[in-house]
Protein chains: 2
Amino acid sequence: MMDTTPRKEQIFQTAGAMFSRQGYHATTMRDIARELNMQGGSLYAHIDSKEDVLWEIVERAAAQFLESVRPLAGLPLPASARLRRMLAAHVDVVTRNLDNATVFFHEWRFLGPARRAHIAAQRDEYEALFRRVIQDGVAAGEFPGADARMGALLVLSAGNWLYQWFRPDGALSAAAVAAQMADVIIAGLRCVE
Amino acid sequence: MMDTTPRKEQIFQTAGAMFSRQGYHATTMRDIARELNMQGGSLYAHIDSKEDVLWEIVERAAAQFLESVRPLAGLPLPASARLRRMLAAHVDVVTRNLDNATVFFHEWRFLGPARRAHIAAQRDEYEALFRRVIQDGVAAGEFPGADARMGALLVLSAGNWLYQWFRPDGALSAAAVAAQMADVIIAGLRCVE
DNA sequence: CCTACCGATCGGTAGG
DNA sequence: CCTACCGATCGGTAGG
């Protein structure tokens, strides 16, 4: 079978896998080229710089998180139901793009200042979505004793740290992980005093 | 004031700070040397290799986690009280050694295979401490509906992700963070069905 | 702890 | 997309 994926996309895919395993700085352009049966310099017919490749991976991951979760935050559902769906969407993005999620969490700080600031802003917006839903739950009496800030941090800590231990071939499916996490966290937000 | 810290310790401290900010591979031995007003080659009068420096930082961090938490796991207290103390100890280690904790979480995979395996074993032992305490709570009826594996992952996700957002000069003290986290998580383990 | 240096390799480019 | 190359810099060492 021929791989009909455009070369540029192959470079992003291969780079994502290698950056996630070895890290951005420990992966050389020649490593990526070798994986694609090319010479190092030939990569530059498709991309302009190593940092551009990192940027593409990180920016796409950030966009995926926001695009998956944002539509759920405003659904006409109780806060606990919205939070459950948002966490499931987050877990879905992480587990279906483990390599790129790992690069996103680990390597975004190696972007230049402007790009780093852009990612930081998206991350802040993303956090705020979770905080707001929990705050809704506090206001509605679903989570009477909860602190929205700590609640959001807890949800995102669980959802993010996932990239460290989740294995696609493991016993737990992404949906099962998300459901179990949501069960405990939502119970905590309901019962905490 | 003269700094009376032995040169070797100064190297570990400086390397910890720089590895945490720039990453292991993006930090050069000459970067570390410059910070200490030395020439690059002079570092090798005190250490044998760059990887040895990383190893010292990572191994010390792993030991600190285990030595702080292990004595608490077997205390004659209810599981929830033990878990609370263990999380507080964990948060204490992270927040009092933010640089080294960051290096521990981010850079341990760049160690050689033998050293990496050693750290992986310590991490597994550490996780088991938390799992066992939660299992005790399940058996004792404190956490009747909880899953020990997911509970431990939740505690450690929150405790580990901390290195990403905790700021020593922020509004929340380490003790306050640990207490709030424990409140929500323990409530969740108690109330989940 | 410094000077001076080693071989290796890096990201990126010119020219085809 | 390859060949051939650029200047820069890497981790580490010899000799003092």
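Each chain gets a letter, A, B and so on, in the order the sequences are listed, and its residues count up from 1.
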To the side chain of Ser49(A), which of dG12(C), dG12(D), dC10(C) is closest? dG12(C)

Give Gly40(B) one of three labels, base, sugar-phosphate or nothing, depending on what nucleic acid heavy atoms sit under 4.0 Å from its own. nothing

Looking at Asp124(A) and Ala121(A), would you say the former's side chain and the latter's main chain have a donor-acceptor pair under 3.5 Å? no

Could you tell me how the ring of His25(A) sits relative to the ring of Phe110(A): parallel (under 30°), tilted (30 to 60°) or perpendicular (over 60°)? perpendicular

Between Gly41(A) and Asp31(A), the residue closer to the 5' end of DNA chain C by nearest nucleotide is Asp31(A)

Donor + acceptor pair across side chains of Thr28(B), Asp31(B) (<3.5 Å): yes

Provide, to the nearest angstrom, the distance between the CD atom belonging to Gln10(A) and the P atom belonging to dC1(D). 8 Å

What is the distance from CE of Met38(A) to C1' of dG12(C), rounded to the nearest Å? 14 Å

Distance in angstrom units between Gln39(B) CD and dA4(C) C1', rounded: 11 Å

What's the CE-P distance between Met29(A) and dG11(C), to the nearest Å? 7 Å

Rounded distance [0.5 Å steps], CD in Gln164(A) versus CG in Leu156(B): 11.0 Å

With Glu125(A), which of Arg132(A), Arg131(A), Arg70(A) fulfils salt bridge (charged side-chain N to carboxylate O under 4.0 Å, His left out)? Arg70(A)

For Tyr44(B) and dT3(C), give me the distance from atom OH to atom C1', rounded to whole Å. 16 Å

How is the base pairing of DNA chain C summarised as a dot-bracket string, given the Watson-Crick and G-U wobble criteria with both distances under 3.5 Å, [ ] for crossing and | for another strand? ||||||||||||||||

Please work out whether the ring planes of His106(B) and Tyr163(B) are parallel, tilted or perpendicular, with thresholds of 30° and 60°. perpendicular

Can you measure Glu51(B) atom CD to dG11(D) atom C1' for me and round it to whole angstrom units? 12 Å

If you look at every strand shown and take non-hydrogen atoms under 4.0 Å, does Arg30(A) touch a base, only sugar-phosphate, or nothing? base

Given atom CD1 of Ile47(B) and atom P of dG11(D), what is their separation to the nearest angstrom? 10 Å

For Leu43(B) and dT3(C), give me the distance from atom CG to atom C1', rounded to whole Å. 15 Å

May I ask you to establish whether Lys50(B) and Tyr24(B) are in a cation-pi arrangement, using a distance under 6.0 Å from NZ or CZ to the six-membered ring centre and at most 45° from the ring axis? yes

